[in-house]
Amino acid sequence: MSSTASLDNSTHWADINAARIVRERGPKEHYTCASGITPSGTIHIGNFREIISVELVARALRDRGQNARFIYSWDDYDVFRKVPRNVPNAGKFEAYLRWPIILVPDPWEKESSYARANEVELETVLPELGVTPEYIYQADQYRNSGYAEGIRTALQHRELIRALLNEHRTQPLPPEWWPISVFSSFTNKDTTVVLEWDGEWAVRYRCEETDKEETLDLRSTGLVKLLWRIDWQMRWKHEDVDFEPAGKEHHSAGGSFDTARTVSQQVYGQTPPVTFKYDFISIKGRGGKISSSSGDVVSVRDVLEVYQPEIVRHLFVGTRPNAEFAISFDLDVIKIYEDYDKCERIYFGIEEVGEKRRAKEARIYELSQVHAVPERAPLQIPFRHFCNLLQITAGDIDRAVALFPGTDSLSEEELHRLRRRGSCAWNWINRFAPDDFRFTLKTGAEPPIELSDVQRVAVVALADEVRDRAAEHDEKSLAQAIYDIAAANGIEPKELFQIMYQVLVGKDQGPRLAGFLLTLGQSRVEEILGPYRTQR
RNA sequence: ACCCCCUUAGCUCAGCCGGCAGAGCAACGGAUUCUUAAUCCGUGGGUCGCAGGUUCGAAUCCUGCAGGGGGUACCA
């Protein structure tokens, strides 16, 4: 872990923001870093940017010796506005429109509610990425009247809030506007009209569907909710939030963050938190290949199918929050893995670079780790090579790892990481890699391909070479032997390569032949090539 | 209308709380009798969008302008 002294010089955005928080909020016993999303659907990788941004800043605060509280507010008292496309029995769910999502049943019938189902989906994946916030469930808070005070404060400043919001509106808010909404106790829906407030804790409303009226006590019923544009600031006050980033859609003049600042200050007397704007995430290379289990949304889990956790972190750590970037599922995946491996080599001093670059990459590497930084430089199996190994072993990850030199003395932790990479590589090959990258090794049991006599003799000569002298060869010398065999049999090297690929994988091309043969090993090569000895 | 971001090599971009303009890819030259964007060695290439300002010194800070992109004002 870096010393505080070096962190002061860090140019990483997480460190810069951590320093800014301490400077602007003054000395505090702890700093509260907040994030929050509505669980009204699958949490996608774009939402994840907010979570990881907060996690990184909280980590940066801790790295400089501060206490950081990382909270994550689930707005599960939000309204069910539309039935998502990926929901089974969508028709049945029409009946729950306008209900709070915490009361909508789980369409997959596993969790206690639709909201909870979405929450669980994310909460189970985040620890894999080293993200462990303290969850706050707003439905609980509201229904236990935990926000009663904050609601009353908003009601007391009704006119001020209206005026502040009106500053940026084309249509002023109507006279009957209130900063709250009410869920009807008769229908569970928010199709209600607020009638009056007694200046203290009593709110009277009418349910539009049933035409019934009722008076609620803010201290004992949880049916009243603050409108979103006020709820946010109320929570800043309630949790004393010091830092909360927001998407670019909130960071415009007149946008939600803008009005939130003034409301926070003037209504709640709370200095707005330090913030920054983060840009959107796009997706590249997923077109038509697969229909995500969650509609056309790419979830955090979907990304982890192809990227190791530390590489997912690396993507976000290494990109300034206000820059848009794409999560790629195409050929870029290889480059992303290579970039990470390079960063790792720089961290461990295996690859020499200038001091400025080294410091930068080292900090990125630290922040990319799920847990602590490894004690020694991990063995790297390049992603592309791993793809080849896995295709040789038909997806058997442990055997693929074993084919790579130096893997017999690894710790369990190191093996775990390699297996995870293997699993990603295998997923990528099967689902996203271009056809050129894919091959299926022959077993030797299938009918041999048609060859001319000359071709067959050359194949057998190469088979003999591997069977008798594989142990003496390295990649280079075997490559030379291949050329010698081609020459001795009077065929073009190019033709021999093509034949060999046809014989081995049924295609005109494949992995570099010499290395490929050595990786396959004598017995495997013999199984496939052996039948050509007897073929006439 | 308002707000924000971007503009740096042919392309994609890094560099931005000031200190000799960088990387990857492409191109070009060479090597290699292989190959899954092939590998290795080497070379060339930029008025840092434009115009001002601050400074000993500006890609970097400030002001203005131009072009491109995004966002906001209704609902959450």
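The figures here come from the full heavy-atom set of this structure, side chains too, leaving out hydrogens, waters and symmetry mates.
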Revision key, fill the gap. Taken to the nearest whole Å, CD1/Ile336(A) to P/C13(B) is 13 Å

Point to revise | Distance in angstrom units between Ile429(A) CD1 and U36(B) P, rounded | key: 13 Å

Review point. Is there a donor and acceptor pair closer than 3.5 Å between the side chain of Asn388(A) and the base of U36(B)?
Key: yes

Point to revise | Complement of U72(B), any strand, by Watson-Crick or G-U distances under 3.5 angstrom | key: A1(B)

In residues 504-519 of chain A, what donor-acceptor pairs under 3.5 Å come from side-chain atoms, sequence neighbours left out?
from	atom 1	to	atom 2	distance (Å)
Lys507(A)	NZ	Asp435(A)	O	3.3
Lys507(A)	NZ	Asp436(A)	O	3.4
Lys507(A)	NZ	Arg438(A)	O	2.5
Asp508(A)	OD1	Gln502(A)	NE2	2.8
Thr519(A)	OG1	Gly515(A)	O	2.8

Point to revise | His157(A) backbone acceptor or donor facing Arg162(A) side chain under 3.5 Å | key: no

Point to revise | Euclidean distance for P, U32(B) against G49(B) (whole angstrom) | key: 43 Å

**Study point:** Base-pairing assignment for G18(B) (Watson-Crick or G-U wobble, both under 3.5 Å)
**Key:** none

Point to revise | Within the 6.0 Å centroid threshold, strictly below: Phe257(A) and Trp232(A) | key: yes

Review point. For Asn489(A) and Gln455(A), does a side-chain donor sit closer than 3.5 Å to a side-chain acceptor?
Key: no

Check your understanding: Rounding to the closest angstrom, what is the interatomic distance between U33(B) and U39(B) at atom C1'?
Key -> 15 Å

Exercise for review: Assess the pair Trp99(A) and Phe183(A): is the distance between their ring centroids shorter than 6.0 Å?
Suggested key: no

Check your understanding: What heavy-atom pair brings Glu324(A) and Phe280(A) nearest, and what distance separates the two atoms?
Key -> CG-O, 3.2 Å

Exercise for review: Could you tell me which non-hydrogen atom of Tyr77(A) sits nearest to which non-hydrogen atom of Gly222(A), and how far apart they are?
Suggested key: OH-O, 2.6 Å

Review point. Taking the same atom, C1', in U47(B) and in A9(B), what whole-Å distance lies between them?
Key: 14 Å

Point to revise | C1' atoms of G69(B) and C62(B), separation to the nearest Å | key: 24 Å

Revision key, fill the gap. Minimal heavy-atom distance between Ser264(A) and Trp236(A), with the atoms involved, is OG-CE3, 3.5 Å

Check your understanding: Could you give the distance from NE2 (His12(A)) to CG (Leu56(A)), rounded to the nearest 0.5 Å?
Key -> 6.5 Å

**Study point:** Those residues that, when tested against Arg158(A), pass salt bridge (Lys or Arg N to Asp or Glu O under 4.0 Å) (two or more places apart)
**Key:** none

Check your understanding: Taking the six-membered ring for Trp, are the ring centroids of Tyr501(A) and Phe439(A) within less than 6.0 Å of each other?
Key -> no

Exercise for review: To the nearest Å, give me how far apart NZ (Lys335(A)) and C1' (A14(B)) are.
Suggested key: 11 Å

Please produce a list of atom pairs where a protein N or O lies less than 3.5 Å from an N or O of nucleotides 15-17 of chain B.
from	atom 1	to	atom 2	distance (Å)
G15(B)	OP2	Arg320(A)	NH1	3.0

Check your understanding: Parallel, tilted or perpendicular: which fits the ring planes of Trp13(A) and Phe276(A), with parallel below 30° and perpendicular above 60°?
Key -> perpendicular

Point to revise | Paired nucleotide for U33(B) [Watson-Crick or G-U wobble; both distances under 3.5 Å] | key: none

**Study point:** Minimum heavy-atom distance between Tyr532(A) and Ile449(A), given as atom pair plus value
**Key:** OH-N, 3.0 Å

Check your understanding: So what's U12(B) paired with, Watson-Crick or G-U wobble, going by both distances under 3.5 Å?
Key -> A23(B)

Review point. Can you tell me how far P in G46(B) sits from the matching atom in G30(B), rounded to whole Å?
Key: 23 Å

Atom pairs, protein N/O to nucleotides 60-64 of chain B N/O, distance under 3.5 Å:
none

Exercise for review: Report yes if at least one side-chain N or O of Tyr483(A) is closer than 4.0 Å to OP1 or OP2 of C34(B); otherwise report no.
Suggested key: yes

Review point. Whole Å only: how far is the CD atom of Gln509(A) from the P atom of C34(B)?
Key: 15 Å

Review point. For U55(B), which nucleotide is its Watson-Crick or G-U wobble mate, given both distances must be under 3.5 Å?
Key: none

Point to revise | Nearest-angstrom distance from the residue atom CZ of Phe432(A) to P of U36(B) | key: 23 Å

**Study point:** U60(B): pairing nucleotide in any strand, Watson-Crick or G-U under 3.5 angstrom
**Key:** none

Exercise for review: Please work out if Ala479(A) contacts a base, only the sugar-phosphate, or nothing of the nucleic acid, heavy-atom cut-off 4.0 Å.
Suggested key: base

Review point. If you measure from the C1' atom in C61(B) to the same atom in G18(B), how many Å do you get, rounded?
Key: 8 Å

Exercise for review: Any chance you could list the contact pattern along nucleotides 68-76 of chain B? Use B for base contacts, S for sugar-phosphate-only contacts and - for none, protein heavy atoms under 4.0 Å, 5' to 3'.
Suggested key: --SBSSSSB

Check your understanding: Salt bridge or not for Arg363(A) and Asp63(A), using N-O below 4.0 Å?
Key -> yes

Study note, to complete from the structure: Nearest heavy-atom approach of Ser368(A) to Ile364(A) is OG-O, 2.7 Å

Review point. Distance between the C1' atoms of U60(B) and G53(B), in whole angstroms?
Key: 15 Å

Practice item. If A66(B) has a Watson-Crick or G-U wobble mate with both distances under 3.5 Å, name it; if not, just say none. Key: U7(B)

Review point. For RNA chain B, whose closest nucleotide is more 5', that of Ile482(A) or that of Lys342(A)?
Key: Lys342(A)

Check your understanding: Separation of Gln502(A) atom CD from C34(B) atom C1', in whole Å?
Key -> 16 Å

Exercise for review: Grab the CE-P distance between Met500(A) and U33(B) for me, whole Å please.
Suggested key: 20 Å

Review point. Should Glu465(A) and Arg469(A) count as an ion pair when the cut-off is N to O under 4.0 Å?
Key: yes

**Study point:** P gap between C13(B) and U7(B), integer Å
**Key:** 9 Å

Exercise for review: Round to the nearest Å and state the distance from Ile346(A) atom CD1 to A23(B) atom P.
Suggested key: 13 Å

**Study point:** Stepwise ring-ring contact (aromatic ring centres under 6.0 Å, His included) test for Phe404(A) and Phe386(A)
**Key:** CA-CA 9 Å; Phe404(A) 195 81; Phe386(A) 219 147; 8.0 Å; no

Exercise for review: Indicate, with a heavy-atom threshold strictly under 4.0 Å, whether Ala514(A) touches base, sugar-phosphate, or nothing.
Suggested key: base

N/O contacts under 3.5 Å, protein versus nucleotides 39-41 of chain B?
from	atom 1	to	atom 2	distance (Å)
U39(B)	O4'	Arg512(A)	NH2	3.4

Study note, to complete from the structure: Re G45(B): Watson-Crick or G-U wobble partner, both distances kept under 3.5 Å, found to be none

